[in-house]
> 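The structure is given below, and queries will be raised subsequently.
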Amino acid sequence: MELPNQRDPEEVEVNFESEPSNKSLFLEKVRQSNAACQSGDFSTAIRLYTDAIVLDPGNHVLYSNRSAAYIKVGKYGRALQDAIKARELHSKWPKAYYRQGVALQCLGRHADSLAAFASGLAQDSKNVHLLAGLVEAAMKSPLRATLEPTYRQLQAMRLDKSPFVITSVVGQELLATGHHAAAVVVLESALRIGTCSLKLRGSVFSALSSAYWALNTLDRAIAYMQQDLAVAKSLGDQAGECRAHGNLGSAYFSKGNYKEALTSHRYQLVLAMKCKDTYAAASALTSLGHVYTAVGDYPNALASHKQCVQLVRQVGDGLQEAREIGNVGAVYLAMGDFDQAVECHLEHLRLAKQLGNKVEEASKEHIAIWDLLIIIDGTLNKQ
């Protein structure tokens, strides 16, 4: 295995507030351990660093240096433990994050490695070693295939040395590949690094809202959606506002905050119409239909879903039309209008078969059977 680039052992400073029990012995151990590292005798270096740690257990540099030595002898788990200890002892020290990133990379924990390097850059955005470590780790990870073309473009634009840009790009790629927890760490690190570009900051807000949504941390998702919305308003970006309102509406609906969900989806619909975005308007209408159904406002639910049917029919989206007719049927079922419900569900199934969509057809057959059982049960109860 090709090891990540390693930096030389750090010079150890004695902390006089907690002076080692034997200062001269301590300094000699440190001198010998560093000399052993320089000569490539890493096993001896580990033993000497361990002796020094016994004399000064609160010295973060010793743990960092021993972590580097453990990497050289292939003991990656122990290297990670020492890197974490160094970070715990000095949470603002960039090299502790570097050591942690290298150890995680060697362990094959690529997403966590990227998160460690990004966290270090959040502490020291001008640290060229951390930025280089982040790029190296990304290029040696499974993300390389999709990241490398973007990185080449950034090089051409002379943005490859921008900590914010590199970190945010890596974070969004982690999000796209389903590494949501690591994406949160990397993207929030990008925000701490900072940028003068409101648009770029807005893209990170949007990505973070998606990551927290995927993690089912809705309050944090909503907070970032609101920041994304504020940025879109500041930029006069109506399409961005429309997207942000749609996301907020979905989040509020998931939390059962139906009043806020209605407000957000109404704004989404208005902005979609202004932007002449038919698909965004259809999304707003179907979402409104679901919210109205949840609050028992069936007339408005029907109106929203039926308007959506007309809209998607105009653009020739047969699959969405079939699904929306199914939504109309679900509202009729909730109202107890079983005849209309059956008619809609059969129409949905007919369209699905006509489109040759086997997944939709199978799904609809399952839903139709369940709904028909409910209809039969409701009819028998009326008798």
Side-chain angles (χ1 to χ4, degrees), residues 1-110 112-141:
M1 174 183 175
E2 181 185 355
L3 294 179
N5 291 329
Q6 284 286 297
R7 297 167 61 189
D8 292 335
E10 189 84 359
E11 287 298 321
V12 179
E13 296 180 3
V14 179
N15 181 356
F16 288 99
E17 292 181 3
S18 58
E19 187 174 337
S21 56
N22 189 326
K23 182 178 176 181
S24 60
L25 177 61
F26 171 79
L27 292 175
E28 180 60 19
K29 292 287 185 183
V30 170
R31 186 193 66 77
Q32 291 177 356
S33 58
N34 287 342
C37 275
Q38 295 295 341
S39 65
D41 187 357
F42 299 107
S43 295
T44 297
I46 289 168
R47 178 176 56 78
L48 291 166
Y49 281 133
T50 301
D51 291 343
I53 286 171
V54 171
L55 295 169
D56 189 9
N59 196 309
H60 60 282
V61 177
L62 291 173
Y63 285 100
S64 171
N65 288 354
R66 192 172 68 173
S67 175
Y70 273 133
I71 290 290
K72 292 294 187 179
V73 298
K75 295 183 178 180
Y76 307 133
R78 291 187 178 182
L80 177 60
Q81 290 174 357
D82 274 359
I84 292 172
K85 183 64 176 180
R87 181 172 168 177
E88 289 173 352
L89 290 170
H90 195 335
S91 62
K92 296 187 180 298
W93 192 45
K95 184 173 274 190
Y97 295 87
Y98 182 89
R99 298 295 191 212
Q100 187 175 1
V102 169
L104 287 164
Q105 183 184 344
C106 290
L107 287 167
R109 293 170 55 183
H110 300 290
D112 292 334
S113 172
L114 295 170
F117 284 119
S119 297
L121 281 169
Q123 299 295 332
D124 181 7
S125 62
K126 296 180 180 179
N127 191 301
V128 294
H129 299 291
L130 282 165
L131 183 59
L134 177 63
V135 172
E136 180 183 350
M139 292 306 169
K140 289 182 177 178
S141 77

> Are side-chain heavy atoms of Ser119 and Arg87 found at a separation under 4.5 Å?
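Of all side-chain heavy-atom pairs linking Arg87 with Ser119, at least one is under 4.5 Å.
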> Grab the two heavy atoms, one from Ala118 and one from Leu134, that are nearest each other, plus how far apart they are.
N-CD1, 4.5 Å
> Which pair of non-hydrogen atoms, one from Gly101 and one from Ser113, has the smallest distance, and what is that distance?
O-OG, 2.8 Å
> Output the distance between atom CD (Glu28) and atom CG (Leu48), rounded to the nearest 0.5 Å.
9.0 Å
> Side chains of Arg99 and Asn65: does their closest heavy-atom pair fall under 4.5 Å?
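Side chain of Arg99 against side chain of Asn65, heavy atoms only: contact under 4.5 Å found.
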> Closest approach of Ser33 and Ala45, non-hydrogen atoms and distance?
O-CB, 3.6 Å
> Working to the nearest 0.5 angstrom, can you tell me the gap between Asp56 CG and Lys23 NZ?
11.5 Å
> Do Trp93 and Val61 have side-chain heavy atoms sitting under 4.5 Å apart?
yes
> Just by modelled atom types, is the Ala122 backbone N or O under 3.5 Å from a matching donor or acceptor in the Ser125 side chain?
no
> Can you tell me how far NZ of Lys85 sits from CD of Gln100, rounded to the nearest 0.5 angstrom?
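NZ of Lys85 is found 14.0 Å from CD of Gln100.
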> Ignoring hydrogens and geometry, is there a side-chain-to-backbone donor-acceptor pair from Tyr97 to Lys92 under 3.5 Å?
no
> Specify the closest pair of heavy atoms between Ile71 and Cys106, including all atoms of both residues, with the distance to one decimal.
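Where Ile71 meets Cys106 most closely, the heavy atoms are CD1-SG, 4.0 Å.
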> Can you tell me how far the NE2 atom of His129 sits from the NZ atom of Lys95, to the nearest 0.5 Å?
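Answer for the NE2-NZ pair, His129 versus Lys95, is 7.5 Å.
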> Measuring from atom CG of Leu104 to atom NE2 of His110, what distance do you get when rounded to the nearest 0.5 angstrom?
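If I round to the nearest 0.5 Å, the distance is 10.5 Å.
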> Could you tell me which non-hydrogen atom of Val30 sits nearest to which non-hydrogen atom of Ala52, and how far apart they are?
CG2-CB, 4.3 Å
> Taking the side chain as every heavy atom from C-beta outward, state whether Gln123 and Leu130 have any pair of such atoms under 4.5 Å apart.
no
> Is the closest side-chain heavy-atom distance between Asn34 and Tyr49 below 4.5 Å?
yes
> Could you go through the side-chain contact (heavy atoms from CB on, under 4.5 Å) check for Phe26 and Asn59 one step at a time?
CA-CA 11 Å; Phe26 171 79; Asn59 196 309; 3.9 Å; yes
> First locate atom CD1 of Ile46, then atom CG of Asp41, and finally report the distance between them rounded to the nearest 0.5 Å.
9.5 Å
> Is any side-chain heavy atom of Gln105 closer than 4.5 Å to one of Phe117?
yes
> Does Asp82 reach the side chain of Arg78, with side-chain heavy atoms less than 4.5 Å apart?
no
> Do Leu55 and Asp51 come within less than 4.5 Å of each other through their side chains, counting heavy atoms only?
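The answer is no; the side chains never approach within 4.5 Å.
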> For Leu62 and Arg66: C-alpha separation, side-chain torsions, deciding distance, then whether side-chain contact (heavy atoms from CB on, under 4.5 Å) applies.
CA-CA 6 Å; Leu62 291 173; Arg66 192 172 68 173; over 6 Å; no
